[in-house]
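Lettering follows sequence order; numbering is per chain, from 1.
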Number of protein chains: 2
Amino acid sequence: MGSRVTIRDVAAVAEVSPATVSRVLNADERVAPELRERVLAAVERLGYRPNSQARSLRTQATRVIGLIISDIQNPFFTSLVRGVEDAAQASGYSVVLANSDEDLGKEQQYLRVAAAEQMAGVILSPASSSRTRIGELVHEEIPVVTIDRRIAADVDSVAVDNVAGARQAVEHLLQTGARRVGVIAGPEDVSTAADRLEGYRAALRAAGLAVDPELIVRGDFRIDGGHRAAARLLDRPDRPDALFAANNLMLIGTLDAMAERGLTAPADLLLAGFDEMSWAGFAPPLTLVEQPTYEIGRLATQMLLRRIAGGTAAAEHVVLEATLKVRASSDLVRRAV
Amino acid sequence: MGSRVTIRDVAAVAEVSPATVSRVLNADERVAPELRERVLAAVERLGYRPNSQARSLRTQATRVIGLIISDIQNPFFTSLVRGVEDAAQASGYSVVLANSDEDLGKEQQYLRVAAAEQMAGVILSPASSSRTRIGELVHEEIPVVTIDRRIAADVDSVAVDNVAGARQAVEHLLQTGARRVGVIAGPEDVSTAADRLEGYRAALRAAGLAVDPELIVRGDFRIDGGHRAAARLLDRPDRPDALFAANNLMLIGTLDAMAERGLTAPADLLLAGFDEMSWAGFAPPLTLVEQPTYEIGRLATQMLLRRIAGGTAAAEHVVLEATLKVRASSDLVRRAV
DNA sequence: CTGAAAGCGCTAACAT
DNA sequence: ATGTTAGCGCTTTCAG
């Protein structure tokens, strides 16, 4: 098993030394055009493919970056993946993907794999802001960039302004007439969840409204959790007149819970969510805080590549803008038309 | 950058030879308990981690399997991933995931990466049954198992009986009273698409009905394509009284197109699809042909591991059962309740 | 500009 | 049972 034809075989056929073959393959300028020709021809003829293990062993550097995302089932992340892949590929890196499934144990295991495989760098959407451990990578001096979420450690990050995004959404609900806005918040130890909840609170405060803890219910950023959380809010005697779901999957769960109860937006209550959801096109047009997912992936990759290249500046935190897109689910006027 | 502490360092601290350290690490029995202790202690103390590149280079074998799926955005595949990961992990292999996005070029590139990285094996959901090329892997003697779809080449595969599944669904629609069943079929060069279309035809024939080519429209297994295809069928003067969507995402597109036209199932037409869709819970309960996705992944991995271990029997084709789950979208009786 | 030689970290013959 | 040695395939000094 394995790459039977080696650099020596190529060298033999081209009648040069292995060193020369290596130089040609690595775009080393100082090699006579004629030899280069011969080498290239031999490579072609033999179907030679460099053995990346050997190369990595020798150069002490792989050209693989690990991308560990917290929920592969969430389209938000899958869109991000493309940004990462494109940017990585443009620089000759390949990407390996892993799914931690919001599970700290799995996450730990993949981080260990990344360390063992000596990956060039890791882009991570951490399962927990306080309990994710990147010690193994730090130990191996493998740079890390977190995306979407931040962690306590001192590493680069790329994310949107979740506080502002959520605040915009809730302010919009209030302006449209809502008085009692319920929020389906995310897990306590995920930074985006905390930030979006903070934005919710800020909007209420700015409007001079009290924050009613009864209207804050936590989900798990998944459909089921969103469903349960929404159900609790919807079954209250004093039902909220608007709901803000802190991510896309929980918004699905919310729609689900509403459907069960024969409720629709905006007729029965106003509805807003976070993250793009074009894949649920058959749902009512939804008011959403949208993120530049592709861009997040692209930027994170560029930052990572800079670190890999040796950048040693202090940790950088890129914050992009999230934009509110008002649609029918929260728009009484548009609905009236 | 890199694992600074090597097997030599451990050997030095434990006062043994590198070979002994290697033996301990590889669970070689014949090493004195006392030395084993010393080695383990040294490993612990130094925080030693084996360099997998060096090991692979030496043993000419990696413990990584590549999983190339054709659409990471499709939950059908993401569920499969777990089956693969669990089975692989149980045997000490790690999985790297890649998304070909139904794009032959990307697929080719990932197959090349798998070959270059000397992966132990590859599980592939091919983008095309006729144009996917696994030559590079064959050349490196890297075993391949296809999942969900088959290819022309002589390789192991795991899939469900798509013909029977589709046939069941369409027969059910006919039994429920449909006379004109439209089908949103998949891409021409994907085996599942061909099989499901074949099942559709078989059901019509069995019922003594003619196959009307006007009622067969091809999509691309994606939401948009399903939407367009469904729109064409729905806008016909003689609108079908039932629709069968050949996969989950196209069923979403179909629901979307129906919603635009104010149509609902089963009131305006009967509806059935393929693949699980619990993530779209807020949609009407959908009649679906469901697949044992986790099991597909698990079995494919076991077959692959057997090949990796040196199995050289003829290509094996495992066919699992797909089961029809009748729900409200096609059930006039249940709806009447 | 090219080649010879050393060595990345590990394991597997081969010796002892 | 343990150590010595060679070498996986590649790149990179160092000579020439």
For [X] and [N], give me the distance from atom [atom1] to atom [atom2], rounded to whole Å.
{"X": "I7(A)", "N": "dA5(C)", "atom1": "CD1", "atom2": "P", "value": "17 Å"}
{"X": "R55(A)", "N": "dC8(D)", "atom1": "CZ", "atom2": "C1'", "value": "16 Å"}
{"X": "Y48(A)", "N": "dG9(D)", "atom1": "OH", "atom2": "P", "value": "10 Å"}
{"X": "L25(B)", "N": "dC10(C)", "atom1": "CG", "atom2": "P", "value": "9 Å"}
{"X": "R8(A)", "N": "dG7(D)", "atom1": "CZ", "atom2": "P", "value": "10 Å"}
{"X": "E140(A)", "N": "dG9(C)", "atom1": "CD", "atom2": "C1'", "value": "13 Å"}
{"X": "Q53(A)", "N": "dG7(D)", "atom1": "CD", "atom2": "C1'", "value": "16 Å"}
{"X": "R58(A)", "N": "dC8(D)", "atom1": "CZ", "atom2": "C1'", "value": "14 Å"}

Test your reading of the model: is there a side-chain donor-acceptor pair from S191(B) to the backbone of R150(B), 3.5 Å cut-off? yes
Side-chain donor or acceptor of E107(A) paired with backbone N/O of A127(A) under 3.5 Å: yes
So do [Y] and [X] actually touch side chain to side chain, heavy atoms under 4.5 Å?
{"X": "I147(A)", "Y": "L67(A)", "result": "yes"}
{"X": "V21(A)", "Y": "V16(A)", "result": "yes"}
{"X": "N99(B)", "Y": "F77(B)", "result": "no"}

For R49(B), which of Q118(A), H139(A), E136(A) qualifies under side-chain hydrogen bond (donor to acceptor under 3.5 Å, both in side chains)? E136(A)
Which of these nucleotides, dC10(C), dC8(C), dT11(D), is closest to any side-chain atom of T59(A)? dT11(D)
Candidate nucleotides dC8(C), dC10(D), dG7(D), ranked by approach to the side chain of Q60(A) - the nearest: dC8(C)
Does anything in residues 12-22 of chain A come within less than 4.0 Å of DNA chain C? Heavy atoms only, and list the residues if so. V16(A), S17(A), A19(A), T20(A)
Quick check on dC8(C): is either OP1 or OP2 less than 4.0 Å from any side-chain nitrogen or oxygen of N51(B)? no
Using a heavy-atom cut-off of under 4.0 Å over every strand shown, decide if R23(A) touches base, sugar-phosphate, or nothing. base
For side-chain contact (heavy atoms from CB on, under 4.5 Å), just list the numbers for T6(A) and N51(A), CA-CA rounded to whole Å, side-chain angles, deciding distance to a tenth of an Å, and then say yes or no. CA-CA 8 Å; T6(A) 76; N51(A) 179 323; over 6 Å; no
On DNA chain C, check which nucleotide each of R30(B) and S52(B) is closest to and give me the residue with the more 5' one. S52(B)
